[in-house]
Number of protein chains: 2
Amino acid sequence: MKRGRRSRIRRDLRQEILAFIARWYRQERTYPTVREIQKGLKISSPSVVDYHLRRLEQEDLITRVGRRSRGIRLRRWPDGLAPEEDLIPIPFLGPIAAGEPIPHPDAEPLGWIRIPRPWLADGNGLFALRVQGDSMIDALVGDGDLIIVKPAPEVEDGEMAVVWLTDRHETTLKRVYREGDRVRLQPAHPTMSPLYVPAEAIRIQGKVIQVLRNLNGLPLPVEP
Amino acid sequence: MKRGRRSRIRRDLRQEILAFIARWYRQERTYPTVREIQKGLKISSPSVVDYHLRRLEQEDLITRVGRRSRGIRLRRWPDGLAPEEDLIPIPFLGPIAAGEPIPHPDAEPLGWIRIPRPWLADGNGLFALRVQGDSMIDALVGDGDLIIVKPAPEVEDGEMAVVWLTDRHETTLKRVYREGDRVRLQPAHPTMSPLYVPAEAIRIQGKVIQVLRNLNGLPLPVEP
DNA sequence: ATATTATCCGAACATTTGTTCCATGTCAAG
DNA sequence: CTTGACATGGAACAAATGTTCGGATAATAT
């Protein structure tokens, strides 16, 4: 057995291989062969690749189907390398009614609703709530509507916000305008008159960035 | 050369192969090998498959990448075998304002908006309109909202419909209730009072099955 | 009928690809 | 240092896969 100079052990070769598979899939929409991985990562022998693939399989990160060519399948996507999804899952945190504060954003989601990516500038941190009752009707939000909320302690003047009124123990949706030491809460409905409250009597919970409503009976589906 | 009994020529074998590739891809998310096609369609020799694959390539229905295994790629999906898309394109027909009738459903679309499949019972025949102005505000539909409409000459009692008022030359959204020879048009807003008109003074244009609203400035994107 | 074209068939060849074997090297713990 | 787990290297085998070739048959045009 010949032995040239050994290259040093690559401590994270396993992760490199995983990432390579993911990148390959993203570009080619198919999985690489053992030898394509070998060449792509300049590994000296297919047996090394095979060795790591077995390990990855033990760790449940990939599966291999039989002896078929290109039989590698990713079970989990390495961070940041998941293929671009068209639909972004937003956690659904439950109903929201006038008399109750909104659920904590980190609460265990009751389900997920998937929103087309182009509809959202950034899906991060968003959550969805189902509106109960007509209390937000002057924000043009009716019973059963689904709202997508971005948590935020403050909002720009004029933005539609989820507001918790500390003294009334009420949640509402209003456009918020700061006016000195008080705040004007303006309904979306043009003929409704605004509400003025002291600045310390409200807590901004977040911005409403989207309202979704289905009219034909069934509400927008939330997947478990 | 031996010669057993020949099987009759399969006149549409080429199409069968194409369909087989599509089915295989739908299920496996990868492309079949020549011999997998051969076995799947009970073809006597891989050369027959190869022969048809060349033809399909000439017809620009598939591509083949080099000598790589599983190197077939579909260029067009045979009818009815396209993979299930998560997003259904709905034609966007333009703005709708109080004073104008809605565009004809068959009009040339100005763009497309893609709606998640689970949100729609059936995407067939639907179209999207952008609401202009506040004239439909008592249906909880505001300026800039996008509505998804299913064309229909009639609606069930209580359904939200796009209604053309023939004498006023106005388009509105209302819930429709038949009451003898007149019709009650009920706003979605609970405090607004209904409008009563003679049955012949309205034209039902369709049902509103969805309302979509983006609050953070940008309207829901319509792709050209 | 004859000619022409399209299709099929079996076999074999040439690569590609998955897999195994065994020797050897690397590294950290004891 | 010794040990053991982990990792690498080279080679070869076996199976799979893509491809070619010559000839046959079937369908269609002339």
Side-chain angles (χ1 to χ4, degrees), chain A residues 1-21 24-25 28-74, chain B residues 1-21 24-25 28-74:
Chain A
M1 194 120 310
K2 281 178 231 144
R3 50 201 171 93
R5 179 154 299 131
R6 291 266 161 160
S7 52
R8 174 159 282 120
I9 287 181
R10 290 156 79 169
R11 211 175 251 67
D12 49 357
L13 184 53
R14 201 122 79 220
Q15 292 309 312
E16 281 186 61
I17 289 177
L18 201 58
F20 182 86
I21 297 169
W24 184 284
Y25 184 85
E28 304 269 343
R29 289 317 227 176
T30 181
Y31 291 96
T33 65
V34 173
R35 280 177 176 79
E36 281 162 348
I37 297 172
Q38 183 203 345
K39 278 164 200 151
L41 294 177
K42 301 194 199 311
I43 297 170
S44 53
S45 162
S47 66
V48 175
V49 180
D50 185 64
Y51 168 75
H52 287 292
L53 289 178
R54 286 168 193 278
R55 288 310 187 80
L56 288 168
E57 199 172 9
Q58 285 171 14
E59 296 172 41
D60 240 21
L61 293 170
I62 64 170
T63 332
R64 301 176 80 181
V65 267
R67 281 176 124 82
R68 282 203 281 179
S69 64
R70 305 180 186 280
I72 301 170
R73 297 290 180 276
L74 280 180
Chain B
M1 195 118 310
K2 282 178 231 145
R3 51 203 171 93
R5 179 154 299 130
R6 291 270 161 156
S7 51
R8 173 158 286 120
I9 286 183
R10 290 156 78 171
R11 213 179 279 324
D12 48 357
L13 185 53
R14 200 123 77 221
Q15 293 309 313
E16 280 186 62
I17 289 177
L18 201 58
F20 182 86
I21 296 169
W24 184 284
Y25 184 85
E28 304 270 343
R29 291 317 234 178
T30 181
Y31 292 96
T33 65
V34 172
R35 280 178 177 79
E36 280 163 348
I37 298 172
Q38 184 203 347
K39 278 165 200 150
L41 294 177
K42 300 195 201 310
I43 297 171
S44 53
S45 162
S47 64
V48 176
V49 180
D50 185 64
Y51 168 74
H52 286 291
L53 289 178
R54 286 167 192 279
R55 287 312 184 80
L56 288 168
E57 200 173 7
Q58 285 171 12
E59 295 173 41
D60 240 22
L61 293 169
I62 65 170
T63 330
R64 301 176 80 181
V65 266
R67 282 175 124 83
R68 281 202 282 178
S69 64
R70 305 182 186 281
I72 301 169
R73 298 290 180 277
L74 280 180

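All chains are named by letter (A, B, ...) in the order of the sequence lines, taking the proteins before the strands, and each is independently numbered beginning at 1.
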*Go through the N and O atoms of the side chain of B/Ser69 and the base of D/dG18, and report whether any donor-acceptor pair is under 3.5 Å.*
no

_Check: B/Arg54 main-chain N/O paired with B/Glu57 side-chain donor or acceptor under 3.5 Å_ = no

*Indicate, with a heavy-atom threshold strictly under 4.0 Å, whether B/Leu13 touches base, sugar-phosphate, or nothing.*
sugar-phosphate

_Looking at D/dA16, I'd like to know if its phosphate oxygens (OP1 or OP2) sit under 4.0 Å from a side-chain N or O belonging to B/Arg70._
no

*According to a strict under-4.0 Å criterion, is A/Arg68 in side-chain N/O contact with OP1 or OP2 of D/dA15?*
no

*Let me know the distance between OH of A/Tyr31 and P of C/dG18, rounded to the nearest Å.*
14 Å

*Would you indicate what A/Arg35 reaches in the nucleic acid, counting non-hydrogen atoms under 4.0 angstrom: base, sugar-phosphate, or nothing?*
base

*Taking only the side-chain nitrogens and oxygens of A/Arg64, find out if one of them lies under 4.0 Å from OP1 or OP2 of C/dT19.*
yes

*Derivation and outcome, side-chain contact (heavy atoms from CB on, under 4.5 Å), residues A/Ile37 and A/Asp50*: CA-CA 10 Å; A/Ile37 297 172; A/Asp50 185 64; over 6 Å; no

*Checking only heavy atoms, does the side chain of A/Ser47 share a donor-acceptor pair with the base of D/dG10 at less than 3.5 Å?*
yes

*asked:* Is the phosphate of C/dA6 approached by B/His52 (side-chain N or O, under 4.0 Å from OP1 or OP2)?
replied: no

*What's the spacing between A/Arg14 CZ and A/Tyr51 OH if we round to 0.5 Å?*
5.5 Å

*Within the structure shown, what part of the strands sits under 4.0 Å from A/Thr33 by heavy-atom distance: base, sugar-phosphate, or nothing?*
sugar-phosphate

